[in-house]
Amino acid sequence: MRKLYVYDHCPFCIKARMIFGLKNIPVSIVVLQNDDEATPIGMIGQKMLPILEENGHYMGESLDIVAHIDREGTPILTKPARPEIADWISRSNALLYRQFLPRAAAAPFPEFSTTSGRAYFIRKKEAGTGPFCEILSEGSEALVPLNALLEDLAPLLPEVTTLQAQLSYDDIHLFAQLHSFSIIKGLNYPAPVEHYRQFLSERSGIPLLDGMAV
Ligand SMILES: N[C@@H](CCC(=O)N[C@@H](CS)C(=O)NCC(=O)O)C(=O)O
């Protein structure tokens, strides 16, 4: 069987996992330790996941994996992408990942099951953001703009009935983004956003992180 190497916290890995779940194509999920550099470098020449292993070949890049698997049988990502969704994602990126990273660093993800795996992530990401404890001390004030973004998203979303018929690459990017949002406790999801994230979680078989949210 094909193997998909991932980190559970990684939004790009969520994108690659989604296409298998949405198309009901079996794949064996392998979670690497976050400080395991040798395995991914041995496969694609860089320390980067997701990686798909198929018949002794390795494919990196989440969207290459999505396109490759969507070409198998009947494609499902047939609806055109909408620029307003890409725009919302890019507006939310910086705010989201500032709050996401310190929470992910403390969460019970399998890629952090060794102390060195967790320490590797903290060292690497704090180099970009500054100390995680300072970000966490921003408290609920920091959630105000994220809640505003969720309000902005509600009117942009397709109806769930439309989603049952056709999906697009927007749904891959947006669910991965909302999956990251779900590790942040205390956010308010407007009803259309809540329906959307639950629908795609169920259809792709990828649980949201609400249960470990802080
Ligand atoms: N362009 C890549 C980006 C993948 C990516 O940035 N993966 C991150 C995890 S979210 C990674 O493996 N970074 C190296 C590290 O964590 O050390 C893709 O879409 O597959």
Side-chain angles (χ1 to χ4, degrees), residues 2-23 25 27-54 57-71 77 81 85-86 88-90 92-130 132 135 167-184 200 204 206-209 212-213:
R2 293 161 165 137
K3 282 187 186 168
L4 186 64
Y5 296 85
V6 300
Y7 308 124
D8 265 7
H9 73 272
C10 162
F12 303 98
C13 303
I14 295 296
K15 295 179 192 184
R17 283 173 63 177
M18 280 181 83
I19 194 67
F20 287 95
L22 292 170
K23 295 192 78 167
I25 294 177
V27 65
S28 166
I29 301 291
V30 182
V31 182
L32 296 183
Q33 277 302 307
N34 202 246
D35 61 336
D36 177 355
E37 295 183 332
T39 306
I41 291 173
M43 294 190 286
I44 60 164
Q46 52 178 337
K47 201 273 188 191
M48 188 79 83
L49 296 187
I51 297 171
L52 177 65
E53 179 181 349
E54 191 178 70
H57 295 278
Y58 298 104
M59 178 184 280
E61 284 306 317
S62 55
L63 293 185
D64 289 349
I65 298 169
V66 171
H68 173 65
I69 298 301
D70 198 31
R71 275 195 295 270
L77 302 176
I85 298 294
W88 184 87
I89 289 173
S90 70
S92 64
N93 269 336
L95 283 166
L96 167 62
Y97 287 106
R98 182 172 171 79
Q99 297 303 318
F100 170 84
L101 291 172
R103 289 166 169 86
F109 288 123
E111 59 269 33
F112 305 144
S113 65
T114 62
T115 306
S116 62
R118 195 179 296 277
Y120 181 98
F121 182 84
I122 295 172
R123 195 168 50 242
K124 202 164 175 177
K125 303 298 178 185
E126 277 191 328
T129 62
F132 284 164
I135 299 175
L167 295 171
S168 85
Y169 276 84
D170 284 345
D171 301 305
I172 299 288
H173 296 301
L174 205 44
F175 179 74
Q177 196 84 348
L178 291 170
H179 183 269
S180 294
F181 266 83
S182 69
I183 205 171
I184 304 170
L200 280 174
S204 64
I206 300 175
L208 291 160
L209 304 173
M212 61 171 83

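The chain is numbered in sequence order, starting from 1. Each ligand, and each atom within it, is numbered from 1 in the order the structure gives. Given the structure is predicted, the values throughout are model-derived calculations rather than measurements.
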Just which atoms of ligand 1 are under 4.0 Å from any heavy atom in [X]?
X: Pro50; answer: 20 (O)
X: Lys47; answer: 14 (C), 15 (C), 16 (O), 17 (O)
X: Lys124; answer: 14 (C), 15 (C), 17 (O)
X: Tyr120; answer: 17 (O)

Protein heavy-atom partner closest to [atom] - residue, atom, separation in Å:
atom: atom 13 (N) of ligand 1; answer: Met48 SD, 3.8 Å
atom: atom 19 (O) of ligand 1; answer: Ser62 OG, 2.6 Å
atom: atom 9 (C) of ligand 1; answer: Cys10 SG, 3.5 Å
atom: atom 1 (N) of ligand 1; answer: Glu61 OE1, 3.0 Å

Is it the case that the side chain of [X] and the backbone of [Y] share a donor-acceptor pair, with hydrogens and angles ignored and the cut-off at 3.5 Å?
X: Thr39; Y: Asp36; result: no
X: Arg118; Y: Thr114; result: no
X: Glu111; Y: Gly117; result: no
X: His68; Y: Met59; result: no

| field | Mode of Phe121 contact toward ligand 1 - side chain, backbone, both, neither (heavy atoms, under 4.0 Å) | value |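 Looking at Phe121 and ligand 1, no heavy atom falls under 4.0 Å.
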| field | Ring geometry between His173 and Tyr169 (parallel below 30°, tilted from 30 to 60°, perpendicular above 60°) | value |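 Aromatic pair Tyr169/His173 classed tilted.
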| Per atom 12 (O) of ligand 1, closest listed option by heavy atom (Leu49, Asp64, Val66) |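 It is Leu49 that holds the nearest heavy atom.
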| Heavy-atom closest contact (Ser113 atom, Gln33 atom, distance) |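 Of all heavy-atom pairs spanning Ser113 and Gln33, the closest is OG-NE2, 2.7 Å.
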Which atom pairs, donor and acceptor, lie under 3.5 Å between side-chain atoms of residues 44-53 and protein residues at least two apart or in another chain?
from	atom 1	to	atom 2	distance (Å)
Lys47	NZ	Tyr7	OH	2.8
Lys47	NZ	Asn34	O	2.7
Glu53	OE1	Tyr5	OH	2.6

